[in-house]
A.B. asks: 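After the structure tokens below, expect a handful of questions from me.
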Amino acid sequence: MNIIVLLKQTFDTEAKIQLDSNNNVITDNIQYIINPYDEFALEEAIRIKEKLGDVIITVVSMGPRKVEEALRQALAMGADKSILLNDEVLFGGDEHTAAVALSQTIKQIPYDLIIGGQVAIDDGSGQVAIRVAEILDIPQVNLVTKLDVENNKLAAHRQVEVGTEVIEVFLPAMITAQKGLNEPRYPALKGIMQAKKKELKILGLADLGLTENQVGSNGANLKVISTFLPAPRNAGRILSGEISENVQELVRLLREEAKII
Amino acid sequence: MSKGIWVFIELRNAKITNSSYELLSAGRKFADKLEQDFTAVLFGYNIESLTDAIAQYGVDKIILADDPKLEKYTTDAYATVLTDLIKAKQPETVFYSHSALVKDLAPRVAERLKTGVATDCIGVEISDDGQFKFTRALYAGKLFNQVYSPHARPVMATFRPNALGVEDPSGVRNVQMEKVKVQLNLENLRTLVKEILGKVQNKMDLTEAEIIVSGGRGMKASENFKLLEELAEVLGGAVGASRAAVDSGWRDHSNQVGQTGKTVSPKLYIACGISGAIQHLAGMNSSRFVVAINKDPEANIFKIADYGIVDDLFKVIPLLTEEFKKMQA
Ligand SMILES: Cc1cc2nc3c(=O)[nH]c(=O)nc-3n(C[C@H](O)[C@H](O)[C@H](O)COP(=O)(O)OP(=O)(O)OC[C@H]3O[C@@H](n4cnc5c(N)ncnc54)[C@H](O)[C@@H]3O)c2cc1C
């Protein structure tokens, strides 16, 4: 069985976001991590491999060369191979162009199951995996918190507002991981050593058989007009009386000053 | 030239969702401003009785796809019917609410139509040249941007619950009813919903709640969340949690607020025994009012709270619940 994991490198969740004078995000001093939802995706792939044995996991990512760190980490955790799409013309697009580039890459490798995160914590858009599924013409189950693979069939729990749907689907299929699916492991020393020898292939536009018009900002439908920081929140009032006075005062403030109850 | 604004109405437990009423309220205003027709699209089974409530919002047209194959959501059925409708009628704009269903549906439909979709929008405005401009949160609210679709049509966007607001219905206009004949080959539906396990700790989804009472590690145990449930009940709100509370197994992940949970912007957010880590703040700092209850005066949460009480939450919360009850009596 061949599993592909879609992985994005994101800022660490501790990161404080600041803008420079051109309204670009300042990246100095930023620590990077594997998007947490993609880490669930990867962990699930590794667990399936541990269970079924004969599985090859290929991690596919797009981004600057820095993403190699994330791919090495994925290989150290237990993935077998990795591919990085690294080409300036591929960047600066939207969810459609990202999906075009990723699916074009996936078409070159055999796959039965593709797993991605349900959302990336940076742009919060949650579209790319589903668009890839559409381009590859395979079904998807989104927001998955439990997954069972049996032969060529999947049973997945999907988190929705009113509860959990139990969904069955035949392979090949796309799954997007939601928190709750598993607890990702830390790479072991042995894994880190082995990762150095595993394949990390770097591809560019020419390798994908795409033209410049199809990718990056040229191919994007959505354009960014402006970027801005939220209005800062200031510390308000700490109530410093005796406990029952504080509670009464709080209720009064919510009613009379904030006018929300 | 394509014209017209569509809103996709969503049902939950056979009722129209609050977020759908937000779309109906906002959609009518935009349609008036742009002088376009306003259409509500409703999918499901045995749903005709719901069209009266929709008509109250002044829609010009209701497109009704009433079919047993649409009773439960499946990606293939909904995506096929909706894409075909959009291709046939060419609306200029399609708006959705950002729900689990739409997270699954909208990117599929958008890719099939080769258009963009701005997801989880928290604001929208119309530019002077009649283009929709959408505001989105990045890094769960540490940053924002505004996006638009200069050429691709339809323009599509999904809105975070409470971003648009529900207004009183503007009144029935001359409504045209269009019933769609659903033509679906069951063999082409690739996913099968076997069952739905109902296990939700909140009656209301967190993102839709106007008041959220959240608990963190300071709650100490699962059973203590009863205190927060009682308070939320009195206020008509929902219970949220920090990751520490979720990871301790006290609450379901669907309750988690923050960068790897839900981003919420209720009118009132009451943080109990939550320290205010950056990942938590990202998910709730667009709340209108924040109240913090924490025994540590140095806790970070006080830096962004409008009102704070430095005390033991196990003493404060019951008193607070009592006080609200008294007020309502
Ligand atoms: C990749 C990543 C993603 C993350 N995503 C999220 C996320 O989405 N959401 C999130 O919340 N966190 C997230 N975190 C975790 C975050 O960093 C914090 O660890 C977490 O928010 C802490 O939760 P807490 O405030 O409940 O616990 P603590 O930080 O332990 O705070 C507990 C607070 O309770 C107070 N307290 C204790 N007892 C009482 C009492 N009797 N009365 C009153 N106050 C009391 C204490 O003074 C303390 O301030 C993430 C972390 C990482 C690394």
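Just so it is clear: chains get the letters A, B, ... in the order the sequence lines come, proteins before strands, and each one is counted from 1.
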A.B. asks: Check whether A/Glu249 gets within reach of chain B through its side chain, its backbone, both or neither, counting any heavy atom under 4.5 Å.
C.D. replies: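 For A/Glu249, neither part sits under 4.5 Å from chain B.
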A.B. asks: Which region of B/Ser149, side chain (C-beta onward) or backbone (N, CA, C, O), has a non-hydrogen atom less than 4.5 Å from a non-hydrogen atom of chain A, or is it both or neither?
C.D. replies: both
A.B. asks: With side chains defined as the heavy atoms from C-beta onward, is the minimum distance between B/Leu143 and A/Leu19 less than 4.5 Å?
C.D. replies: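 In short, these two side chains touch, coming nearer than 4.5 Å.
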A.B. asks: Side chains of A/Ile130 and B/Glu111: does their closest heavy-atom pair fall under 4.5 Å?
C.D. replies: no
A.B. asks: Checking the side chain of A/Glu161 only, and the main-chain atoms of B/Ala100 only, is there a donor and an acceptor separated by less than 3.5 Å?
C.D. replies: yes
A.B. asks: Select one option (side chain, backbone, both, neither) describing which atoms of B/Ala137 are under 4.5 Å from chain A's heavy atoms.
C.D. replies: backbone
A.B. asks: Kindly compute the distance separating OG1 (A/Thr164) from CG (B/Asp252), expressed to the nearest 0.5 Å.
C.D. replies: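 If I round to the nearest 0.5 Å, the distance is 7.5 Å.
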A.B. asks: Let's go through A/Glu257 and B/Tyr307 carefully: what are the C-alpha distance in whole Å and the side-chain angles of both, what is the deciding distance for side chain to side chain donor-acceptor pair (under 3.5 Å) to 0.1 Å, and is it a yes or a no?
C.D. replies: CA-CA 11 Å; A/Glu257 196 179 85; B/Tyr307 308 121; 2.5 Å; yes
A.B. asks: Does any N or O in the side chain of A/Ser125 come within less than 3.5 Å of the main-chain N or O of B/Thr119, such that one atom is a donor and the other an acceptor?
C.D. replies: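 It does not hold such a pair.
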A.B. asks: Over all heavy atoms of both residues, which pair between B/Ile278 and A/Glu14 is shortest? Give the atoms and the distance, please.
C.D. replies: CD1-O, 3.4 Å
A.B. asks: If only atom types and distance count, is the side chain of B/Lys142 paired as donor or acceptor with the main-chain N or O of A/Ala15 below 3.5 Å?
C.D. replies: yes
A.B. asks: By a 4.5 Å heavy-atom criterion (distance strictly below it), what part of B/Val246 contacts chain A: side chain, backbone, both, or neither?
C.D. replies: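 Contact with chain A: side chain only.
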A.B. asks: May I ask you to decide whether B/Arg190 forms a salt bridge with A/Asp137, counting only side-chain N to carboxylate O separations under 4.0 Å?
C.D. replies: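 Here B/Arg190 pairs with A/Asp137 in a salt bridge, since their nearest N and O are under 4.0 Å apart.
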A.B. asks: Check whether any side-chain heavy atom of A/His157 lies under 4.5 Å from a side-chain heavy atom of B/Leu197, and answer yes or no.
C.D. replies: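 They are in side-chain contact.
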A.B. asks: When you check the gap from the basic side-chain N to the acidic O, do B/Asp247 and A/Lys179 get nearer than 4.0 Å?
C.D. replies: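 Salt bridge: yes.
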A.B. asks: Test B/Lys303 against A/Asn234 for side-chain contact (heavy atoms from CB on, under 4.5 Å), laying out the working first.
C.D. replies: CA-CA 6 Å; B/Lys303 296 202 182 113; A/Asn234 297 319; over 6 Å; no
A.B. asks: Could you verify whether a donor N or O on one side chain and an acceptor N or O on the other, from B/Gln259 and A/Thr13, lie under 3.5 Å apart?
C.D. replies: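 The criterion, which ignores hydrogens and geometry beyond distance, is not satisfied for A/Thr13 and B/Gln259.
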A.B. asks: Given A/Gln140 and B/Asp104, is the side-chain contact (heavy atoms from CB on, under 4.5 Å) satisfied, shown in steps?
C.D. replies: CA-CA 8 Å; A/Gln140 87 230 6; B/Asp104 191 79; 3.0 Å; yes
A.B. asks: In terms of heavy-atom proximity below 4.5 Å to chain A, should B/Lys114 be classed as side chain, backbone, both, or neither?
C.D. replies: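 Its backbone and side chain both get close to chain A.
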A.B. asks: I want to check something: taking the side chain as every heavy atom from C-beta on, are A/Ile261 and B/Leu235 in contact at a cut-off of under 4.5 Å?
C.D. replies: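 A/Ile261 reaches B/Leu235 side chain to side chain.
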A.B. asks: List the atom of B/Val291, the atom of A/Leu254, and the distance in Å for their closest heavy-atom pair.
C.D. replies: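 Heavy atoms of B/Val291 and A/Leu254 come nearest at CG2-CD2, 4.1 Å.
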A.B. asks: Donor-acceptor pair, distance only, cut-off 3.5 Å: does the side chain of A/Gln127 make one with the backbone of B/Val117?
C.D. replies: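 The answer is yes, because a donor-acceptor pair under 3.5 Å joins these two groups.
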A.B. asks: Is the backbone N or O of A/Asp123 less than 3.5 Å from a side-chain atom of B/Arg136, with the two atoms forming a donor-acceptor pair by type?
C.D. replies: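 Yes; judged by distance alone, with no hydrogens or angles, the pair exists.
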A.B. asks: Which bit of B/Ala140 is near chain A, if near means a heavy-atom gap under 4.5 Å: side chain, backbone, both or neither?
C.D. replies: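 The answer is the backbone of B/Ala140.
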A.B. asks: Against chain A, label B/Arg12 side chain, backbone, both or neither, depending on which of its atoms sit under 4.5 Å from a heavy atom there.
C.D. replies: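 Contact with chain A involves the side chain of B/Arg12 alone.
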A.B. asks: Taking side chain as everything from C-beta outward and backbone as N, CA, C, O, which of these in B/Asp306 sits under 4.5 Å from a heavy atom of chain A? Side chain, backbone, both or neither.
C.D. replies: both
A.B. asks: Can you measure from CD1 (B/Ile293) to CG (A/Leu239) and round to the nearest 0.5 angstrom?
C.D. replies: 10.0 Å
A.B. asks: Here's a test for you: under side-chain contact (heavy atoms from CB on, under 4.5 Å), which of A/Ile121, A/Asn35, A/Val119 qualifies with B/Thr260?
C.D. replies: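 Of all the options given, the one that passes is A/Ile121.
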A.B. asks: Do side-chain atoms of A/Arg233 reach the backbone of B/Asn285 as a donor and acceptor pair under 3.5 angstrom?
C.D. replies: yes
A.B. asks: Measuring heavy-atom distances to chain A, does B/Thr158 have an atom under 4.5 Å in its side chain, in its backbone, in both, or in neither?
C.D. replies: neither
